[in-house]
Amino acid sequence: MSTACIASIDQGTTSTRCILFGLDGSILGLGQKEHRQIYPQPGWVEHDAAEIWRNTQTVIREARIAAGEHVSIAAVGVTNQRETLAVWNRKSGAPYANAIVWQDTRTQAICDRLAGDAGTERFQAQTGLPLATYFSGPKLVWLLENVPGLRAAAESGEAICGTMESWILWNLSGGPDGGAHITDVTNASRTMWMDLNKLAWEPELLEAFGVPAGMLPSIVPSSAKTPWGYTATSGPFEARLPLCGAVGDQQAALIGQCCFESGEAKNTYGTGCFLLLNTGQTPVPSKAGLLTTVAYQFEGSPAVYALEGSVAIAGALIQWLRDNLQLIDSAPEVEALARSVADNGGVYLVPAFTGLFAPHWRPDARGVLCGLTQFATKAHIARASLEAVAYQVHDVLVAMAKDSGIALGTLRVDGGMAANDLLMQFQADLHGSPVIRPTVLETTALGAAYAAGLGAGLFSNLEDLRSHWRVERTFEPAMSAEKRDEHLAGWHKALERSFGWE
Ligand code: ADP
C-alpha cells in the first residue's frame, strides 16, 4: 500500500527545500540545498535563477529518496521568497540576468522618480503598498533599463518575467516546451502592478512603470481545482503530477497556521519577524505603517486579505549577541542566561541596526542600550534582547488593531526563535492574550501543501485542515497590568532615544 502525500517546494532566500507531507501534515521526506548569495556592490543582492532551478530538481529527488518507494505524490505546491524577480527567454529558458532579491536596494532612484511629487504613497490606494525597493515592480524597471537588449526582447514577447514561484512552475511544467507562465495572487500583490480589488494587472500601473504587459505571467488563485499544468515526466518527479498550489512564503505560513478567520494572526520569528493578520474579504488600508496584501485565494472562493508588518531585527539580535559580543556560544543559550536574572534590571535595548521597520518606519534610528547601572550584567542584556523582540512585535500588533478595528485574540507563532519559552511568555504578557505554538513549525511549506491539497480535492474544506493543526504549548498572559505598563513605558523611552542618529 502506498501512502498519499503532497510535495511542497519552498524556494527560500538562502535555500530551496522540498518536503513531502502526508495528508495528516506529517513529514515523510525532505531535501534541502543552499544557493549562492551574490553581492556585486554594496546594497545589491542577486540570485542565479538557473542555480535555483538546478537545486530545486536536486531537492525534489532527495525528498523522494528520503521518503522511499511507498509514497505516491498526489499534488505539487510551491511557496517562495517573495518579491525576488527573474527574467528569462521563453524559447531557451535561459535567464537574461541574475534575479534581483527582495533585500536589494539598487532601485531607490527608480522609486524616487516614480514617487515624484505624489510621494511614496502614489500607488498605495490601488496596490496596498508604498513605493519601496522591496517590491518586484521597481526591480523589473531596473532590469529593463540596464540589461542590454532586454527591452526589445520584452517587447517582441521573447523575454518574460516572474517571481520565484512563477519561474519554478514554468520549469516544472515543461519550460520552453509549453511551460505554464503564471503567478499566484499573493505574489502578484507584491509587484505594485496589481489592483488589490480587481486582482488583475492594472494597465495604468504597467504604463507608469513602463512595463510591457506581454512579459507578465497570468494571475491565478493560490490553489487550483483545474491544475495550471503538470510536471514533465522527464523532470525530477519522473511523473505527470498536478501543479495546483502556489503562495508567497508569509502567506503560506498563515495558511499553515490555519488562520482562516478574520482577526486571526500569526507571527514568524526568524532573522526578522513577519506578522500577518487575516482581515477577511475586504482589503484594509493602513494608516499605521503596515502593508495591505492578499492573504490567499482558494479557487471557487473570494480572495482573503491581510495586514502585514515586519520587524527587521529579531533572531539577528541573538546572532549579534553571539557573534559580536560573544555573550553566548549558540542562540538557544540566550534563554538560560536571561533566566538567570529575575527581570531586566531596568535595561532596555532597541536593535535599530538598520533603522526601524513597521510601524515606526524610522530609517534614521540606530541601536541603543540604555538604563544601565553598575548592577547590570550580561544576563540583563540577554533579557533586554529577548524583550526587545517582543516589544517590536507588540508595536506592530497595536498598529494592526488600530488599522483594522479588530480586537486581536490569540497569536499563533512559528519560526526558529519561537522555540524560546521566555520570549513567548513575555510576548503573551505584553499582548494580554494567549500565544500559541503549534506542533508543526514547518508552517510555510505546510501552507503550500495545504493550498495544493485543497485544489486537488485531497482536503474537503478548511475545517478539515484545522483538524490537523495541533497546539504544542499555549502561553497564557500572567503579568499584572502595572508591571506591563511599566515595561512598555521603559521601552517607549528607549525607542525615543534610538531616533535621529543617521
Ligand atoms: P530564518 O528562516 O530567517 O533563517 P529561522 O526561523 O531559521 O530563521 O530562525 C533562526 C533565528 O532564530 C536565528 O537568527 C537565531 O539567532 C534565532 N534563534 C534560534 N533559536 C533560538 C532560541 N532558542 N532563542 C532565541 N533565538 C533563537
Side-chain angles (χ1 to χ4, degrees), residues 8-17 19 27 30 32-35 37 45 47 59 79-84 101-103 134 164 248-254 256-257 266-276 308-340 344 349 351 353-354 357 367 378-379 381-393 412-428 435 437-448 472-473 475:
S8 177
I9 296 158
D10 178 358
Q11 202 302 293
T13 306
T14 54
S15 73
T16 305
R17 302 191 304 162
I19 302 185
I27 294 175
L30 187 150
Q32 175 162 11
K33 198 164 167 42
E34 289 195 9
H35 53 263
Q37 305 295 318
V45 189
H47 290 157
V59 298
T79 180
N80 59 301
Q81 51 166 324
R82 302 172 303 173
E83 298 99 8
T84 298
V101 179
W102 58 274
Q103 299 149 320
Y134 183 20
M164 298 320 275
D249 55 8
Q250 297 307 324
Q251 285 91 334
L254 193 75
Q257 289 273 28
K266 72 91 198 175
N267 185 27
T268 301
Y269 296 82
T271 310
C273 282
F274 286 94
L275 278 102
L276 263 77
E308 173 174 328
S310 41
V311 168
I313 303 287
L317 175 58
I318 310 308
Q319 286 165 269
W320 183 79
L321 296 182
R322 184 193 62 194
D323 301 337
N324 296 37
L325 299 192
Q326 280 140 23
L327 288 192
I328 45 176
D329 289 327
S330 72
E333 282 176 31
V334 73
E335 183 165 355
L337 182 59
R339 276 192 195 282
S340 69
N344 67 13
L349 198 163
F353 297 157
T354 53
F357 285 10
K378 66 179 182 176
I381 294 175
R383 196 150 184 136
S385 300
L386 290 176
E387 290 183 359
V389 173
Y391 290 126
Q392 295 185 95
V393 169
R412 298 182 178 194
V413 298
D414 51 53
M417 212 184 178
N420 193 300
D421 292 347
L422 184 76
L423 169 63
M424 294 300 106
Q425 182 58 51
F426 194 69
Q427 193 76 70
V435 163
R437 191 166 63 196
T439 44
V440 178
L441 290 175
E442 293 291 353
T443 50
T444 303
L446 185 62
E472 185 258 322
R473 186 161 168 191
F475 297 86

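In listed order, ligands and their atoms are each counted from 1.
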Can you tell me how far the [atom1] atom of [X] sits from the [atom2] atom of [Y], to the nearest 0.5 Å?
| X | Y | atom1 | atom2 | result |
| --- | --- | --- | --- | --- |
| Glu335 | Asn420 | CD | CG | 4.0 Å |
| Ile381 | Ile328 | CD1 | CD1 | 12.0 Å |
| Leu386 | Met417 | CG | CE | 5.5 Å |

Identify the two heavy atoms, one from [X] and one from [Y], that lie closest to each other, and give their separation to 0.1 Å.
| X | Y | result |
| --- | --- | --- |
| Gln250 | Thr268 | OE1-OG1, 3.7 Å |
| Ser385 | Ile318 | CB-CD1, 4.4 Å |
| Arg17 | Leu30 | NH1-CD1, 4.5 Å |

Legend entry - Any side-chain donor near an acceptor of the partner, Thr443 and Asp414, under 3.5 Å: yes

Which atoms of ligand 1 are found less than 4.0 Å from any heavy atom of [X]?
| X | answer |
| --- | --- |
| Ala316 | 14 (O) |
| Thr271 | 1 (P), 3 (O), 4 (O), 8 (O) |
| Ile318 | 16 (O), 26 (N) |
| Val334 | 24 (N), 25 (C) |
| Gly415 | 6 (O) |

For [atom], what's the nearest protein heavy atom and its distance?
| atom | result |
| --- | --- |
| atom 23 (N) of ligand 1 | Pro332 CA, 3.4 Å |
| atom 10 (C) of ligand 1 | Gly416 CA, 4.3 Å |
| atom 8 (O) of ligand 1 | Gly270 CA, 3.4 Å |
| atom 18 (N) of ligand 1 | Ala331 CB, 3.8 Å |
| atom 26 (N) of ligand 1 | Met417 CG, 3.2 Å |
| atom 24 (N) of ligand 1 | Asn420 ND2, 2.9 Å |

Legend entry - Heavy-atom side-chain contact between Gln11 and His35 under 4.5 Å: yes

Inset, instruction - Run the contact test for Gln319 against ligand 1 with a 4.0 Å cut-off on heavy atoms, strictly below, and give the result. - result: yes

Legend entry - Enclosure of Phe357 CZ (heavy-atom neighbours >12, cutoff 6.0 Å): no

Inset, instruction - Measure from atom 2 (O) of ligand 1 to the protein's non-hydrogen atoms and state whether any distance is below 4.0 Å. - result: no

Inset, instruction - Measure centre to centre between the rings of Phe475 and Phe426, then say whether the value is under 6.0 Å. - result: no

Inset, instruction - Please determine if Gly315 has a nitrogen or oxygen closer than 3.5 Å to a nitrogen or oxygen of ligand 1. - result: yes

Inset, instruction - Please confirm whether Gly272 comes within less than 3.5 Å of ligand 1 when only nitrogen or oxygen atoms on both sides are compared. - result: no

